[in-house]
Amino acid sequence: MSTTKLFLKCKIIAVCLFSLIGCDKQAAESAAAAQSQEKSYPYRVGDDIPALAYIEHKQVYNAESVIPPQCYTKTDGVNNPCFACHQSYGQEKTRPNMMRDGDLQGDYEFSDLGVTNHWKNLFVNRRPMIEKISDNSIKQWIRTDNYSPLITRLEHDDNWQGEVTPIANLPYPDKAFDEFGLANDNSYWVAFNYKPFPSTFWPTNGSTGDAMIRLPAPFRQLNGEFSRDVYFANLALVEMTMKDLAQISLPAISEQLIGEDLNGDGKLSKSIEWLRRRAFYLGDAADIELAHMLYPKNTEFLHTVRYIGVDDNGKIYNAPRMKEVRYMKKHSFKSRHQLASAYYLEEKEKHFENLPQIRQLGDKGINNNFGWTINGYIEDEHGQLRQQYDQELAFCSGCHKTIGATIDQTFSFPRKVEGARGWGYINLAEQQDVPNVGEQQGEFLTYMQRAGGGDEFRQNREMLERWFDKNGRVNEEKVKGASNLYQLITPSPRRALDLNKAYYTLMQEQSYIFGRDAMLSGADNVLEQIDESQAPLAPEHRYQWDLRLNWHHQDTNSTLAQHGK
């Protein structure tokens, strides 16, 4: 259905509804008054259809929601934020991601529907709405726990068929996890410290967040009983296969308890902190073989997207209140050859200009057709987390299905701080701007140089003022002088509060299908319509890139600094 026909159909429905309501003038006036108190949309009634009207009447607003807002960035032929997602690895024959979409850095390959930018929230100036919200009220808002009520509600819903993912005290990570990230409530979730993906997930661009992994029972048990040693050994093996490493450090474990020589020194030690790669996993998963760059079946991930916390001293932290809770489970293991077939099918559908097909699973979320079930929860208009509607969930496939940069359709775990240091809740103050695999310069510095700003849209003026000169060039020495990632990518308290307020207004609108990026003012460097005859980037501004990181570069720099070199 064309956009014009959809608009007319929904408008007719809306007119009919208003006519029915008009039969009862008093009821209509009361409803209008209540609505004006509860909601304030950034558009006039009659000009646009509210987002929830599409949901309520089962009309698809944007069948190309898998194309994220960032794909409509105005590059001017030189500013390239695209390389972080669109990559080709033709020389790596064993890499299971066969999307090989690096050419999208140089070509627009949109459907007839996709050439129009449907993410209208990018163009909303929220400054007037922000001014109506006090600092104190937004501070109180972001300190409120809305995760625990979600879990309680799901646990007591006899009709709920989806997953339930309780982690006691998750809004307060210092209470939820031990020093190595293992959840204190025996849920077996493990938090890990990872480098946020550039640049949507930088706190300065709107949200804080975290990530947790959980392996299935056999990977954390020995003879049917939980074994911390087996669990962390298997987690280390998963990390090695995802990063293609021969050995890795890990929290101290006992070879004697596990009953195998794991570091290759020919003896069984009471405590070791290094593990060599092996062909099979350990414990009750000893019959399962490691698969190159692929997680075991039934691996789970939990990712929370949070408001930006601002404490009384102006320090930025992960706020208790969550904007979203995102969940992934690898329900089916697909070999590299099976994945090749899935990628081929996607390419075939695209060749015949078919719109993306999303397999909806009701309470369970969606199936991305690559072995993963994806589910998500987002705030309702009162701030309580609810399952995302089908059209909202479809957005998730844009990143966790077919883009070239991912490893087994994931981002965060391949970017985990390597080894023992990476087990524990995310902490930007403990990380430095290390380079990507195959590069020498810090990743975030490189990104800012290539993208031309501190975000995809070059709208983050605070980042431009902090790290760029008056001519729009990155101040390399200043960026390199940042002592850690916290200093580099967290916002000022003022910007943090304003971003929280902007998202609060978007949440009240429930306009997520129009875009979840809460812009402080309307975007300038974003195209509303794509001209496919114009290449997005000149050849010299297209790049090869690997989302994995060279964490040993940090160690080398630290050693040189200690020796005064």
Side-chain angles (χ1 to χ4, degrees), residues 1 6 51 54-68 71 85 96-99 101 109-114 118-119 154 157 159-165 214 216 294-303 305 324-378 385-411 512-513 516:
M1 183 182 294
L6 171 62
Y54 289 93
I55 305 294
E56 292 165 1
H57 298 289
K58 302 185 186 305
Q59 294 293 326
V60 176
Y61 166 69
N62 179 13
E64 283 281 28
S65 61
V66 296
I67 303 174
C71 286
C85 287
N97 187 335
M98 301 176 190
M99 185 61 189
D101 61 356
E109 295 183 10
F110 291 118
S111 67
D112 290 343
L113 179 64
H118 289 78
W119 304 109
L154 295 181
D157 185 349
N159 296 318
W160 176 250
Q161 300 297 312
E163 80 294 331
V164 183
T165 56
R214 181 166 64 180
L294 294 173
Y295 299 102
K297 181 181 177 180
N298 290 324
T299 297
E300 298 171 279
F301 284 100
L302 194 64
H303 168 46
V305 182
E324 297 184 51
V325 175
R326 299 173 177 178
Y327 173 79
M328 291 180 66
K329 182 175 183 177
K330 190 168 186 176
H331 65 262
S332 174
F333 181 86
K334 293 180 180 291
S335 68
R336 186 170 65 89
H337 299 293
Q338 289 172 318
L339 289 170
S341 298
Y343 281 111
Y344 173 75
L345 181 60
E346 287 286 321
E347 183 64 26
K348 183 179 178 180
E349 290 183 351
K350 187 172 183 179
H351 175 76
F352 287 104
E353 298 184 356
N354 294 328
L355 291 173
Q357 300 297 310
I358 308 298
R359 293 180 61 186
Q360 305 287 351
L361 304 175
D363 289 348
K364 296 182 183 297
I366 59 175
N367 182 341
N368 76 346
N369 296 328
F370 286 80
W372 291 93
T373 299
I374 301 172
N375 214 348
Y377 307 84
I378 202 162
L385 290 166
R386 60 163 174 81
Q387 187 187 27
Q388 295 185 31
Y389 299 123
D390 289 352
Q391 291 191 54
E392 295 165 343
L393 270 174
F395 170 76
C396 304
S397 288
C399 292
H400 294 288
K401 192 174 185 181
T402 52
I403 62 172
T406 59
I407 297 179
D408 203 356
Q409 278 63 50
T410 68
F411 296 88
Y512 303 122
I513 63 172
R516 307 178 193 192

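Among all heavy-atom pairs drawn from I374 and N368, the shortest one is CD1-CB, 4.0 Å. Shortest non-hydrogen contact noted between G114 and I67 is CA-CD1, 4.1 Å.
Aromatic ring centroids of F301 and Y295 lie under 6.0 Å apart.
I403 CD1 to D101 CG: the interatomic distance, rounded to the nearest 0.5 Å, is 7.0 Å. Between E300 atom CD and H331 atom NE2 the span is 13.0 Å, to the nearest 0.5 Å. Here L339 contributes atom CG and D408 contributes atom CG; the two are 7.0 Å apart, rounded to the nearest 0.5 Å. Atoms CG and OG1, from L302 and T165 in turn, are 4.5 Å apart once rounded to the nearest 0.5 Å. Remark: Y512 OH to S65 OG distance equals 16.0 Å, nearest 0.5 Å. Distance check, rounded to the nearest 0.5 Å: OG of S397 to CD1 of I358 gives 3.5 Å.
Between R336 and M98, some side-chain heavy-atom pair lies under the 4.5 Å cut-off. Residues T299 and K329 are not in side-chain contact: their nearest non-hydrogen atoms beyond the backbone lie 4.5 Å or more apart. Looking only at side-chain heavy atoms (C-beta outward), R516 and V305 stay at 4.5 Å or farther from each other. In this structure the side chain of E324 never reaches within 4.5 angstrom of the side chain of E392, judged on heavy atoms. With contacts defined as side-chain heavy-atom distances shorter than 4.5 Å, the pair Y54/Y389 does not qualify. Side chains of R326 and C396 form no contact here, defined as non-hydrogen atoms less than 4.5 Å apart. Here the side chains of V66 and K401 are not in contact, with every heavy-atom distance at 4.5 Å or above.
Under a 3.5 Å cut-off, the side chain of K364 and the backbone N or O of T373 do not form any donor-acceptor pair. Side chain of Q409 to main chain of W372: no donor-acceptor pair is present (N/O by atom type, distance under 3.5 Å, no hydrogens or angles). Of the possible polar contacts, none joining the D390 side chain to the Q360 backbone as a donor-acceptor pair under 3.5 Å is found. In terms of modelled atom types and a separation under 3.5 Å, the side chain of N62 and the main chain of H118 share no donor-acceptor contact. In terms of modelled atom types and a separation under 3.5 Å, the side chain of N97 and the main chain of T406 share a donor-acceptor contact. A donor-acceptor pair is defined here as one N or O able to donate and one able to accept, closer than 3.5 Å; such a pair exists between the side chain of Q387 and the backbone of D363.
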Inset, instruction - Any chance you could lay out the side-chain contact (heavy atoms from CB on, under 4.5 Å) test for M99 and E346, step after step, and finish with the verdict? - result: CA-CA 9 Å; M99 185 61 189; E346 287 286 321; 5.7 Å; no
Legend entry - E64 vs F110, side-chain contact (heavy atoms from CB on, under 4.5 Å): CA-CA, chis, key distance, verdict: CA-CA 9 Å; E64 283 281 28; F110 291 118; over 6 Å; no
Legend entry - F411/H400 under ring-ring contact (aromatic ring centres under 6.0 Å, His included): CA gap, chis, key distance, verdict: CA-CA 9 Å; F411 296 88; H400 294 288; 5.5 Å; yes
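Classified by interplanar angle (parallel below 30°, tilted 30° to 60°, perpendicular above 60°), the ring pair W160/Y377 is tilted.
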